Number of protein chains: 2
Amino acid sequence: MPATSRPTSKDVAQEAGVSQSTVSLVMGGKWTGRVSPATARSVHAAAERLGYRPNPAARNLRLGTTRTVLLMVPTLTAPFFGPVYTGAARVATGHGFGVVVSTWPDDAGTAGGSAEGPFTAPHETIDGILASSLEAAALGEFAGTPAVMLDSGPHGDVPTVDFGVADGMRAIARHLASLGHRRFGHVAAGVDQWTFHARAQALEEVVRDVPGGALLREACEIDVGSAKEAAWRLLARSERPTALVCDDDLIAAGAYKAARARGLAIPDDLSVTGFDDVLLATALEPELTTVRLPAEEMGAQGMTALLELLGGTRPEPRVLPGRLVVRGSTAPPHQG
Amino acid sequence: MPATSRPTSKDVAQEAGVSQSTVSLVMGGKWTGRVSPATARSVHAAAERLGYRPNPAARNLRLGTTRTVLLMVPTLTAPFFGPVYTGAARVATGHGFGVVVSTWPDDAGTAGGSAEGPFTAPHETIDGILASSLEAAALGEFAGTPAVMLDSGPHGDVPTVDFGVADGMRAIARHLASLGHRRFGHVAAGVDQWTFHARAQALEEVVRDVPGGALLREACEIDVGSAKEAAWRLLARSERPTALVCDDDLIAAGAYKAARARGLAIPDDLSVTGFDDVLLATALEPELTTVRLPAEEMGAQGMTALLELLGGTRPEPRVLPGRLVVRGSTAPPHQG
DNA sequence: CTGTTAGCGCGTTCAA
DNA sequence: TTGAACGCGCTAACAG
């Protein structure tokens, strides 16, 4: 018995002078009324002494369950996913589950070279999947694994948790309209995700109902440089917008730069709004009017739904409302 | 044989008309010279047809290996870890390994309630750990699991990958000194991590060698509000610093706000520098002079080192140099 | 109340 | 070149 390898339940049994099954019962916590308190104590003591910890692989093999769920995100670089993870992990640990994070395969370059086989993906080493911000394309990828979709819009018959982005966008647009704005520029994320489609549509609806309302749109990548160019194009139009509605706080940062480059002061000459309310929103000058999305709550609700799903009941779709946060980047337009 | 459960190697064997062991050999890729090419083909075909994929739990139990490594980070909210993950995942998949991310337990609130047992942590369901940005306190946590420490400084006998933060900070300080600055303010991260201790020390060294050099310091949390307050305190000193050296780009954002609140223009009245060169650095106005740290490279090198470690050889400590990126936030001091 | 037994799916001897 | 048998560590029947 080499001291290098960790102790097994058999070792604990021997140490405590009982059988493996007794150890299993005691460690599993379901011994009440089946094992005498005295032996239970001695088993615990032996386990403690040996530093015993059950082998998860064996456990998994036997039980078919791993008490681990996977949070899949498109990319780790977006500041949005930190809170989502925190929320999910909080409720997970409360139920004895662990959470691991991974990105969609192509992010890490599936063109790795070796590893043709299906060994790379952590599939099936987990009980369920929390899939966040899916591209409209991806789907069914995880055949048979219980999944909850986050921030991906209504989706067939799989349970979902979404933000009320349409309401959020409407709140922004109405805020701007009530300030007196009529000519809106939409700096749109050119990403094929439900949330951005929903934002665009909600904005259109509101502007359509504004007397004399006009909406211009330019698409960009979600990065500062690309956003700056898109905003620049918008500001170059003959009928220049007096307000730039950005699909994301980061895009708003690009809009700030475009405004500055054209000599436009925010909010006096141009109002700018963001979306998400990440750290960046208060790092900018002036601070950004945006919509706060309860990201941590989404993680928590998503995990709750997944736990229900694993428990056998189909969770209801959930929608989490955003909240308009008015800061210094919006004001009445310069000249009516 | 319920259609719901996934096919096993036994099913494949039956389908192909061979024995389990043959399937195992073929799927394991080590059949050359032991199984006839014809049967190998038929096994592959059968596996394909059935959609067979080996059960990772059984594999792990038998092999004692899971081909998965864990990247542990203090928090997911820092934009720094995205690239680290990307780099690590890239080389991992190239070697048939998967990467999952998790945070240090207390982040998710170990005060979950239930789950006393040691089941929560994904320990031992992984082959190795990439531990990033450890607090000086944490250590040995992972007993026996091969680990590489990232961005945690020299550390006993465990392999490390670090940034050349001291050189980076020296580059910043010399840049400022050559511009003519003499009175430096250090807006320091009040976090007990090696990297910040190293930064502070390097800055002190350079300032000590500057004729007439003076160094003031205020500590803060790594968030905009706290950084703003610390910077504000520095700017309130009688001998006001002409340059604020910030431990982090986010802290620099706070310094920007403090400067603005005091009516100081950057860079004319005050130079500001950051560290890390994250997205935020170019979102600010003016863009931030900072030190770019090759985060993705750190992930890649760390994974390479871990793979070596798992292969049985002790990797050399690695140091990745940062690079000074001069942008618009630094200039000669107003009045010598 | 406790011990014995069987088997989860796989990789690897050992014989044939 | 292939197949039968064994055991990784664990849990859940079933005996005692």
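Predicted model, so just to flag it, every value in this text is computed and none were measured. In the text below, chain A, chain B and the rest are named by the order of the sequence lines, each starting its count at 1.
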| message | Set out, in order, the CA-CA distance, both residues' side-chain angles and the distance that settles side-chain hydrogen bond (donor to acceptor under 3.5 Å, both in side chains) for A:Asp151 and A:Ser133, then state yes or no. | response | CA-CA 5 Å; A:Asp151 187 33; A:Ser133 310; 2.9 Å; yes
| query | Considering only heavy atoms from C-beta outward, does the side chain of B:Phe81 approach that of A:Leu76 to under 4.5 Å? | reply |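 No, side chains not in contact.
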| Check: A:Arg314 and A:Leu309 side chains under 4.5 Å, non-hydrogen atoms |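 The answer is yes, as the side chains (C-beta and beyond) meet within the 4.5 Å cut-off.
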| query | Are B:Arg59 and C:dG9 close enough that a side-chain N or O sits under 4.0 Å from OP1 or OP2? | reply |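 Checking C:dG9 against B:Arg59, no side-chain N or O comes under 4.0 Å of OP1 or OP2.
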Counting the atoms with a prime plus P, OP1 and OP2 as sugar-phosphate, which does [X] contact under 4.0 Å by heavy atoms, base, sugar-phosphate, or nothing?
X	answer
A:Ser24	base
B:Val23	nothing
B:Leu63	sugar-phosphate

| request: Choose from C:dT4, C:dC10, D:dC10 the nucleotide whose nearest atom is closest to any side-chain atom of A:Pro54. | output: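 Of C:dT4, C:dC10, D:dC10, D:dC10 is nearest to the side chain of A:Pro54.
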| query | When you match B:Lys30 and B:Ala58 each to their closest nucleotide on DNA chain C, which lands nearer the 5' end? | reply |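 Of the two residues, B:Ala58 wins.
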Separation of atom [atom1] in [X] from atom [atom2] in [N], rounded to whole Å:
X	N	atom1	atom2	value
B:Met27	C:dC10	CE	P	10 Å
A:Leu25	C:dG3	CG	C1'	11 Å
A:Asn60	C:dG9	CG	C1'	11 Å
A:Lys10	C:dA6	NZ	C1'	15 Å
A:Trp31	C:dG3	CH2	P	15 Å
A:Gln20	D:dG9	CD	P	10 Å
A:Arg67	D:dC10	CZ	C1'	16 Å
B:Tyr52	C:dG9	OH	P	10 Å

| request: Say whether B:Thr66 and B:Asn60, considering side chains only, have a donor N or O and an acceptor N or O under 3.5 Å apart. | output: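 B:Asn60 and B:Thr66 do not have a side-chain donor-acceptor pair below 3.5 Å.
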| query | Which heavy-atom pair separates A:Val161 from A:Met298 by the least distance, and what is that distance? | reply |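 Scanning both residues, the minimum pair turns out to be O-CE, 3.3 Å.
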| query | Where do B:Thr65 and B:Asp127 come nearest, in terms of heavy atoms and distance? | reply |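 Smallest heavy-atom distance, with atoms named: OG1-OD2, 2.7 Å.
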| Looking at D:dG3, does its base get a donor-acceptor pair with the side chain of B:Ser21 below 3.5 Å? |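 Flag set: donor-acceptor pair detected.
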| message | So if I take residues 33-46 of chain A and measure heavy-atom distances to DNA chain D, which residues fall below 4.0 Å? | response |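 The answer is none.
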| task | Please figure out whether B:Arg62 or A:Thr8 has its closest DNA chain D nucleotide nearer the 5' end. | result |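 Counting from the 5' end, the first nearest nucleotide belongs to B:Arg62.
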| message | Both A:Leu61 and B:Gly17 contact DNA chain D. Which one's nearest nucleotide lies toward the 5' end? | response |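 The 5'-side residue here is B:Gly17.
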| query | Does the pair B:Asp11 and B:Tyr52 meet the rule for a side chain to side chain contact (heavy atoms under 4.5 Å, CB included), with working shown? | reply | CA-CA 9 Å; B:Asp11 298 328; B:Tyr52 167 72; over 6 Å; no
